[in-house]
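To keep things clear, I will list the structure first and then write my remarks on it.
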Amino acid sequence: MTDLSFPSHAPSPDESPGKALSGGSGHRFDTQRHWAASLSLGFRARDGRTRMTRARHHGPLRVQRPFYPESGRIAESSYAKPPYAEPCHVYLLHPPGGLVSGDELRIDIEAESGAHALLTTPAATKLYRADSHGVSWGQHTHLAVRPGALLEWLPQETLCFDGARGVQSTTLDVQGDGRCVGWEVLALGRPASQLPFVSGRVEQRFALTRDGRPLWIERQPLDPMHSRFHGYWGQGRSTVQATLWAVGLDDPAAAVEALRQWLPASRNWAVTQRLDVLLLRYLGDERNAAWEICQQAWELLRPWLSSRQASVPRIWMT
């Protein structure tokens, strides 16, 4: 494993590691560059409120203090009493604001029985162009939902710059009657600046299991040099895509029909369900449209999952 500690002294010009370091900082800038950060959070129901009982971090990954914006709110009379403790809202912070070559972010979230946690980010995540060595980055998220828990994973969008190289993976481990809803909104290139995504390679991976049984496994490479990226049977040159998932709905088929009736009709999105997993997809060129579709779908699904109306994080409106 690469040693990320600061050296006790500045390397001399004769020391071979000095060729791979910058100014004696200890950070490599060659093909072996590797800057790691990790965050591990745990949520537990206690005295009717969801508490963040574990918060461990390494490197530039932190959280703000927990928020309780739904305190005192009562569920609509048309829904049953919420089966979970009062929701805890948490904002994940990555001060650099994006990933560069060599970055390796690992996020681990666990919601225990009776807990209800909502996690989001204060801004979009940026995936920057790879360095001259073509070193990739990695972002790996593991969500564990124990029986009787609800986890909402709602990060703001990801902006992928031309030339970016890396892997994003999301693993969902749901147990028993645990429930989870989340999304990933990805915009490729910067069309407004006339900087399209024409080089690089980004791979997205999703894996959802319930009690160890695979329900949804997906691997999507995004390579602008591949025919799939341009063909209408694949990406069709679209620059924005989004996936929303929900698992644990009592009647996913009814939820699908409700979304089809309630959301504005468009050829850019579709929704379906299989093995009790609801999936909504967006494919087009409008980042705001993708976000709005996902948010509207979440607002509709939230009472079905938690017996609570949606409480939009204030950070989304800033």
Run the numbers on Ser169 and Gln139 for side chain to side chain donor-acceptor pair (under 3.5 Å), then give the verdict.
CA-CA 6 Å; Ser169 68; Gln139 182 178 13; over 6 Å; no
Verdict with reasoning, Leu61 to Ile107, per side chain to side chain contact (heavy atoms under 4.5 Å, CB included)
CA-CA 9 Å; Leu61 266 178; Ile107 300 170; 4.1 Å; yes
Where do Leu301 and Leu259 land on the side chain to side chain contact (heavy atoms under 4.5 Å, CB included) test, with the steps shown first?
CA-CA 8 Å; Leu301 293 173; Leu259 288 171; 4.2 Å; yes
Decide side chain to side chain contact (heavy atoms under 4.5 Å, CB included) for Glu112 and Arg44; before the verdict, give the C-alpha distance in whole Å, the side-chain angles of both, and the deciding distance to 0.1 Å.
CA-CA 5 Å; Glu112 298 188 26; Arg44 181 178 298 176; 3.2 Å; yes
When you look at Ser311 and Phe67, which way does the side chain to side chain contact (heavy atoms under 4.5 Å, CB included) test go after all the steps?
CA-CA 12 Å; Ser311 176; Phe67 295 95; over 6 Å; no
After noting the C-alpha distance and the side-chain angles of Arg179 and Asp250, does the key distance pass the salt bridge (Lys or Arg N to Asp or Glu O under 4.0 Å) rule?
CA-CA 10 Å; Arg179 295 180 172 186; Asp250 291 330; 2.7 Å; yes
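Here the side chain of Asp162 pairs no donor or acceptor atom with the backbone of Gly189 at under 3.5 angstrom. Using modelled atom types, no side-chain atom of Ser193 and backbone atom of Leu195 make a donor-acceptor pair closer than 3.5 Å. Side-chain atoms of Arg219 never come within 3.5 Å of backbone atoms of Gln204 as a donor-acceptor pair (strictly under, hydrogens ignored). Checked by atom type and distance alone, the side chain of Thr209 never pairs as donor or acceptor with a backbone atom of Pro214 at under 3.5 Å. With hydrogens and angles ignored, the 3.5 Å screen pairs no side-chain donor or acceptor of Tyr68 with any backbone N or O of Arg49. Asp251 places no side-chain N or O within donor-acceptor distance of the main-chain N or O of Ala255, the cut-off being under 3.5 Å. A donor-acceptor pair under 3.5 Å links the side-chain atoms of Asp177 to the main chain of Gly148, judged by distance alone.
Using a 4.5 Å heavy-atom cutoff, the side chains of Leu118 and Leu154 are in contact. Side-chain contact between Thr243 and Leu280: absent, with no pair of heavy atoms (C-beta onward) separated by less than 4.5 Å. The shortest side-chain heavy-atom distance between Pro87 and Phe43 does not fall under the 4.5 Å cut-off. Looking at Thr141 and Arg106, their side chains never come closer than 4.5 Å, going by heavy atoms from C-beta outward. Looking at heavy atoms from C-beta onward, Leu172 lies out of side-chain contact with Leu215 at the 4.5 angstrom threshold. No side-chain heavy atom of Leu159 sits under 4.5 Å from any side-chain heavy atom of Thr125. Leu222 has its side chain within reach of Arg228: a pair of non-hydrogen atoms, C-beta onward, lies under 4.5 Å apart. Contact of the Glu184 side chain with the Thr158 side chain is registered, since non-hydrogen atoms from C-beta on lie closer than 4.5 Å.
Under 3.5 Å, the side chains of Gln168 and His140 contain no donor-acceptor pair of N or O atoms. Under 3.5 Å, the side chains of Thr120 and Trp316 contain a donor-acceptor pair of N or O atoms. Residues Glu152 and His116 have side chains that bring a donor and an acceptor to within less than 3.5 angstrom of each other. Counted by atom type alone, His226 and Gln235 present zero donor-acceptor pairs between their side chains at under 3.5 Å. With 3.5 Å as the limit, one finds a donor-acceptor pair spanning the side chains of Gln295 and Glu299.
Heavy-atom minimum distance, Leu41 versus Arg54: O-NH2, 3.0 Å. Between Leu99 and Gly138, the shortest heavy-atom contact is CD2-O, 3.7 Å. Summarising the geometry of Ala85 relative to Ala45, their closest heavy-atom pair is CB-CB, 3.8 Å, with the distance given to 0.1 Å. Smallest separation of non-hydrogen atoms from Met52 and Val90: SD-CG2, 4.2 Å. When all heavy atoms of Leu92 and Pro122 are compared, the pair lying nearest together is O-CD, 3.0 Å. Taking all atoms of both residues into account, the shortest heavy-atom contact from Ile315 to Tyr91 is N-OH, 3.6 Å.
Residue Leu283 holds its CG atom at 3.5 Å from OG of Ser238, rounded to the nearest 0.5 Å. Distance check: Trp245 CH2 to Leu278 CG gives 12.5 Å after rounding to the nearest 0.5 Å. Taking CH2 of Trp269 as the start and OH of Tyr282 as the end, the distance is 12.5 Å to the nearest 0.5 Å. Atoms OG and CH2, from Ser101 and Trp35 in turn, are 9.0 Å apart once rounded to the nearest 0.5 Å. Separation of atoms CZ (Arg190) and OG1 (Thr239) is listed at 13.5 Å; rounding is to 0.5 Å. How far CZ of Arg46 is from OG1 of Thr53: 6.5 Å, rounded to the nearest 0.5 Å.
In this structure, Val185 is not a member of the same hydrophobic cluster as Leu279, with clusters built from ILVMFWY side-chain heavy atoms closer than 4.5 Å. Criterion: ILVMFWY side-chain heavy atoms under 4.5 Å apart, direct or through other members. Under it, Trp304 and Ile293 are part of a common hydrophobic cluster. Trp153 and Val145 fall within the same hydrophobic cluster, where Ile, Leu, Val, Met, Phe, Trp and Tyr residues are linked whenever their side-chain heavy atoms come under 4.5 Å apart, directly or through other members. A single hydrophobic cluster is seen to contain both Val247 and Trp216, as judged by linkage of ILVMFWY side chains at heavy-atom distances under 4.5 Å, directly or through other members. Residues Trp137 and Val167 fall into different hydrophobic clusters, defined by Ile, Leu, Val, Met, Phe, Trp and Tyr side chains chained together at heavy-atom separations under 4.5 Å.
Taking the six-membered ring for Trp and thresholds of 30 and 60 degrees, Trp183 and Trp298 have ring planes more than 60 degrees apart, a perpendicular arrangement.
Other residues, nucleotides and ligands place more than 12 heavy atoms under 6.0 Å from the CZ atom of Arg302. Heavy atoms from other residues, nucleotides or ligands lying under 6.0 Å from CZ of Arg314 number 12 at most. Crowding of His230 atom NE2: a count of heavy atoms from other residues, nucleotides or ligands under 6.0 Å exceeding 12. Other residues, nucleotides and ligands place more than 12 heavy atoms under 6.0 Å from the CD atom of Gln156. Heavy atoms of other residues, nucleotides or ligands lying less than 6.0 angstrom from CZ of Arg260 number more than 12.
In summary, Arg146 and Asp173 engage in a salt bridge, as defined by a charged side-chain N under 4.0 Å from a carboxylate O. Under the 4.0 Å criterion applied to side-chain N and carboxylate O atoms, Arg205 and Glu218 are not assigned as salt-bridge partners.
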